[in-house]
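This report refers to the structure that appears directly beneath it.
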Amino acid sequence: MDYKGYEIRENKSDGIVIIKNIRDFNPTHTFECGQCFRWIRESDGSYTGVVRDLAVNVTFDGKDMLIGNCTIDDFINVWYQYFDLERDYSEIKKELSKKDDIMRKAVEFGSGIRILRQDLWEMIISFIISANNRIPMIMKIINNLSEMYGNKIILGDKICYTFPDINKITNENIDNIRICKAGFRCKYIFNASMMVKNKEIDIDKLNNVDTDEARRILRKLPGVGPKVADCVLLYSGVKYDVFPADIWIKRAVEKLYFHHPASINEIQKFAKNYFGDLAGFAQLYLFYYARENKIVD
DNA sequence: CCACAGGACGGCT
DNA sequence: AGCCGTCCTGTG
């Protein structure tokens, strides 16, 4: 069948949906560029992940994208939007490549990156956990929270867990939340959850306000500062003209563009002026390029 | 035993 | 407004 320009095939006996001749997608680029924490690389090179109440396995064979444990309905209702398949990445990459040689190389290196439209609530908690933490630990903590408060899903011989519903957190005692090993971030997780639940901040409103206002709203949450707010907005697909400036991006921009030390503020100002509405995309290409090639240590 | 990690916070000046 | 010590936990 044809769905919005994509040729889709369903292998019902194997439970696989195939998106033929997919362009601008590579699971390694997309899942390991720093935007998500719940996609695990399997020994065969495929990736297993949980989105909403679905657990799937994603493969790219060099030409087609294969989604295991998936139906046509799931693809239309969830995965088409999650992978942002409506967006033309070749146009974005063309524009960014025109900027300079650095971006051209970064875009070529991470040519299969797509910014996932992840769940807003999940991003808030995930990036609160990310503060002053390392990726393996962040993944471990999110997995702990999901095992503690999520629902069980079976995927073949694997047991997966959905990301916890907000009520599961707010109904919990803060001392119990500590079991997830998030340390000093546990109080942020709990208090931020309470504020979201009580509509002290209305996260559904973020789509209807401009980027700076969205940042201000998110930063009312405990544990959410400038960097976390930008990550939440970008990786949930709410705003794309943000530039999450963590220590690695700072180092990369200093080395590749400034050739001298700079403050986070200067980095942000540069990104806004130089990349404009494409700043968010530029951030991921740069981050992935700089880290994978050890441009920065 | 000590340093420090994909920041945020709070208490300074 | 900027600077800086501190914070859980795990790893080196």
Side-chain angles (χ1 to χ4, degrees), chain A residues 29-40 106 110 113 115-116 118 122-145 147-148 169 172-196 200-201 212 214-236 242-256 261-269 271 279-297:
Chain A
H29 297 178
T30 291
F31 296 139
E32 296 191 19
C33 67
Q35 63 175 325
C36 54
F37 302 109
R38 298 208 73 200
W39 287 91
I40 312 294
I113 292 176
I115 300 185
L116 301 168
Q118 301 179 80
E122 180 173 337
M123 289 303 97
I124 290 172
I125 299 304
S126 296
F127 282 96
I128 284 176
I129 292 167
S130 80
N132 194 29
N133 213 342
R134 302 169 192 224
I135 295 178
M137 194 61 196
I138 300 167
M139 296 174 83
K140 179 72 180 157
I141 293 168
I142 293 173
N143 196 55
N144 289 344
L145 273 178
E147 284 186 11
M148 289 161 63
I169 306 285
E172 205 44 68
N173 186 301
I174 204 165
D175 289 324
N176 290 337
I177 294 177
R178 290 197 167 278
I179 297 171
C180 80
K181 300 292 181 188
F184 64 89
R185 308 166 194 87
C186 288
K187 57 181 180 293
Y188 300 152
I189 293 172
F190 182 77
N191 291 331
S193 300
M194 289 300 278
M195 287 176 69
V196 172
E200 282 182 64
I201 79 146
D212 280 333
R215 283 179 168 131
R216 274 193 292 274
I217 293 173
L218 276 176
R219 289 189 53 179
K220 290 179 185 169
L221 294 172
V224 178
K227 189 267 179 180
V228 169
D230 276 12
C231 283
V232 170
L233 290 171
L234 182 57
Y235 305 143
S236 60
V242 295
F243 195 79
D246 57 46
I247 189 67
W248 294 102
I249 278 291
K250 175 167 139 46
R251 288 173 188 161
V253 172
E254 282 171 347
K255 178 148 186 174
L256 295 171
S263 69
I264 294 277
N265 226 319
E266 289 174 290
I267 306 273
Q268 290 254 333
K269 201 177 292 178
F281 301 96
Q283 191 264 5
L284 274 179
Y285 291 121
L286 263 181
F287 182 85
Y288 188 59
Y289 174 66
R291 281 215 79 173
E292 296 292 318
N293 293 287
K294 306 203 185 304
I295 307 285
V296 290
D297 28 72

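Below, chains carry the letters A, B, ... as their sequence lines are ordered, and counting in each starts from 1.
- A:Ile141 places its CD1 atom 9 Å from the C1' atom of C:dC8, with the value rounded to the nearest Å.
- Without hydrogens or angle criteria, A:Glu254 side chain to A:Ala262 main chain gives a donor-acceptor distance under 3.5 Å.
- One N or O on the side chain of A:Asn173 and one on the backbone of A:Asp175 form a donor-acceptor pair closer than 3.5 Å.
- With P as the reference atom, C:dT11 and B:dA8 are 24 Å apart, rounded to whole Å.
- Of the inter-residue distances, the one linking A:Asn132 atom CG with A:Arg185 atom CZ reads 6.0 Å to the nearest 0.5 angstrom.
- The separation between A:Lys250 atom NZ and B:dA5 atom P is 13 Å, rounded to whole Å.
- Computed from coordinates, the A:Lys140 NZ to C:dT11 P distance equals 10 Å when rounded to whole Å.
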Query raised in the report: Just the dot-bracket of DNA chain B, please: which string comes out with Watson-Crick or G-U pairs under 3.5 Å, [ ] for crossing, | for another strand?
Result: .||||.|||||||
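- Nucleotides C:dG10 and B:dC9 are separated by 23 Å at their C1' atoms, to the nearest Å.
- Rounding to the nearest 0.5 Å places CD of A:Gln35 at 12.0 Å from OG of A:Ser126.
- Under the 30°/60° scheme for interplanar angles, the aromatic rings of A:Phe127 and A:Tyr235 are found to be tilted.
- Checking side-chain atoms of A:Gln283 against main-chain N and O of A:Ala245 turns up no donor-acceptor pair under 3.5 Å.
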Report task. Quick one, give me the B/S/- string for nucleotides 7-13 of chain B, reading 5' to 3', where B means a protein heavy atom under 4.0 Å from the base and S means that only happens at the primed atoms, P, OP1 or OP2. Result -> BSS----
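- The CD1 atom of A:Ile189 sits 6.0 Å away from the CD1 atom of A:Ile125 when rounded to the nearest 0.5 Å.
- Within the model, atoms NZ of A:Lys227 and CG of A:Asp246 stand 5.0 Å from one another, a figure rounded to the nearest 0.5 Å.
- A:Arg178 comes within 4.0 angstrom of nothing in the nucleic acid, heavy atoms only.
- In this structure, the CE atom of A:Met137 is 14 Å from the C1' atom of C:dC7, given to the nearest Å.
- Counting to the nearest Å, the P atom of C:dG10 and the CD1 atom of A:Ile129 are 14 Å from each other.
- Note that the CD atom of A:Glu122 and the OG atom of A:Ser236 stand 11.0 Å from one another [nearest 0.5 Å].
- Separating the CZ atom of A:Phe190 from the P atom of C:dC8 is a distance of 17 Å, rounded to the nearest angstrom.
- For the pair A:Arg134 CZ and C:dG10 P, the computed distance is 12 Å after rounding to whole Å.
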